[in-house]
Amino acid sequence: MKYIVLLRGINISGKNKISMIKLKNILEKNNYTNVITYLNSGNIILESEFTKEEIANNINKIIKDTFNLDIPVFVTIPSELERLLNNCPEWWGTNNKEVYDNLIFIIPPTKYKDIYNAIGEPKEEIEKIKELNNYVFWSFNLKNYRKSNWWVKTANTDIKDKITIRTANTVKKLIEISKK
């Protein structure tokens, strides 16, 4: 079965450095097949007979053993992600250059209410959120992002290791690559 694997917070400003080429080779040596990485930010498409939970735990262990990093891992299947995008809010993913569209992936066992309780209400005039199936569509005004409530708190609260965030374009590209 084909999976999309997202690593949280790697290769950002010189922190949590992981060579995606090295990781790809190690995954292939650990019985993952058709491994493809996209960008340097921890996006992987692979095939495996394991469950999502087994893959997340196994890749987390591989990263600990190889890179000495404890990196949260989110795993989904392309069809689930595609269904999600087919039901996105009308304001999300519109290619409006003044708005930055993201998808927040909530890493199990964390639930949306945990994230919302930690971050709070979005600032209505700057950002919008919409939860769907424990994912969060999140868009914010690019010019005023530093004034948004969610921008600061997604990186600076105790929930930061319970989520990983990708842009709308990255999510769409991952689905496209997974169809090849």
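Heavy atoms only: backbone and side chains are in, while hydrogens, waters and symmetry mates are out.
- Residues Asp158 and Ala118 approach most closely at OD1-CB, 4.1 Å, considering heavy atoms.
- A continuous path of hydrophobic side-chain contacts links Leu23 to Val5 [ILVMFWY only; heavy atoms under 4.5 Å].
- Evaluation of the side-chain hydrogen bond (donor to acceptor under 3.5 Å, both in side chains) test over residues 163-176, restricted to residues two or more places apart or in two chains, returns Asn43-Arg166, Thr164-Arg166, Thr167-Thr170, Lys173-Glu176.
- Scanning all heavy atoms of the two residues, the minimum distance from Ile126 to Lys147 falls at CD1-CB, 3.5 Å.
- The ring-ring contact (aromatic ring centres under 6.0 Å, His included) test with Phe105 singles out one residue from Tyr112, Phe74, Phe137, and that residue is Phe74.
- For the residue pair Tyr116 / Glu121, a side-chain donor-acceptor distance below 3.5 Å is found, with atom types taken as modelled.
- Grouping the Ile, Leu, Val, Met, Phe, Trp and Tyr side chains by contacts below 4.5 angstrom, directly or via other members, places Tyr135 apart from Ile104.
- In this structure, CG in Asn31 is found 13.5 Å from CD in Glu47, a value given to the nearest 0.5 Å.
- In Glu124, the CD atom is not crowded: 12 or fewer heavy atoms of neighbouring residues, nucleotides or ligands sit closer than 6.0 Å.
- For Lys17, the NZ atom is loosely surrounded, since the number of other residues' heavy atoms within 6.0 Å does not exceed 12.
- With respect to Lys162 and Asp114, no salt bridge is recorded, no charged nitrogen being found less than 4.0 Å from a carboxylate O.
- Shown here for Trp138 and Ile165, the closest heavy-atom pair between the two residues is CZ3-CD1, 3.9 Å.
- Between Asn25 and Lys29, the side chains place no donor N or O within less than 3.5 Å of an acceptor N or O (distance only, hydrogens not considered).
- Atom CG of Asn57 sits about 13.5 Å away from atom NZ of Lys52, to the nearest 0.5 Å.
- With ring centers used as reference points, Trp150 lies 6.0 Å or more from Phe140.
- Asn40 CG to Asn11 CG: the interatomic distance, rounded to the nearest 0.5 Å, is 4.0 Å.
- Side-chain contact between Leu174 and Ile45 is present, with at least one heavy-atom pair separated by less than 4.5 Å.
- In terms of hydrophobic clustering, with Ile, Leu, Val, Met, Phe, Trp and Tyr side chains grouped at heavy-atom distances under 4.5 Å, Ile77 and Ile36 are assigned to different clusters.
- Residues Ile106 and Leu6 fall into different hydrophobic clusters, defined by Ile, Leu, Val, Met, Phe, Trp and Tyr side chains chained together at heavy-atom separations under 4.5 Å.
- In this structure, OG in Ser148 is found 9.5 Å from CD1 in Ile119, a value given to the nearest 0.5 Å.
- With rounding to the nearest 0.5 Å, the separation of CD1 in Ile107 from CZ in Arg8 is 7.5 Å.
- With sequence neighbours left out, the ring-ring contact (aromatic ring centres under 6.0 Å, His included) criterion links Tyr3 to no other residue.
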Considering only distance and modelled atom types, tabulate donor-acceptor pairs under 3.5 Å from the side chains of residues 66-73, sequence neighbours left out.
residue : atom : partner : partner atom : Å
Thr66   : OG1  : Ile62   : O            : 2.8
Asp70   : OD1  : Asn60   : ND2          : 3.1

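- The distance from atom CD1 of Ile18 to atom OG1 of Thr37, rounded to the nearest 0.5 Å, is 12.0 Å.
- Salt bridge absent: Lys130 and Glu90 never bring a charged side-chain N and a carboxylate O closer than 4.0 Å.
- Considering every non-hydrogen atom in both Leu46 and Ile59, the closest pair reads CD2-CD1, 4.1 Å.
- Clustering ILVMFWY residues whenever any of their side-chain heavy atoms sit less than 4.5 angstrom apart, transitively, puts Leu39 in a cluster other than the one holding Ile63.
- Between Lys179 and Glu82, at least one side-chain N (NZ, or NE/NH1/NH2) sits under 4.0 Å from a carboxylate O, which counts as a salt bridge.
- Ile129 and Pro122 make their closest contact through CG1-CG, 3.8 Å (heavy atoms, listed as atom of the first residue, atom of the second, distance).
- Between Ser139 and Val99, the closest heavy-atom pair is CB-CG1, 3.8 Å.
- No close placement of the Tyr145 and Tyr100 rings is indicated, their centers lying 6.0 Å or farther apart.
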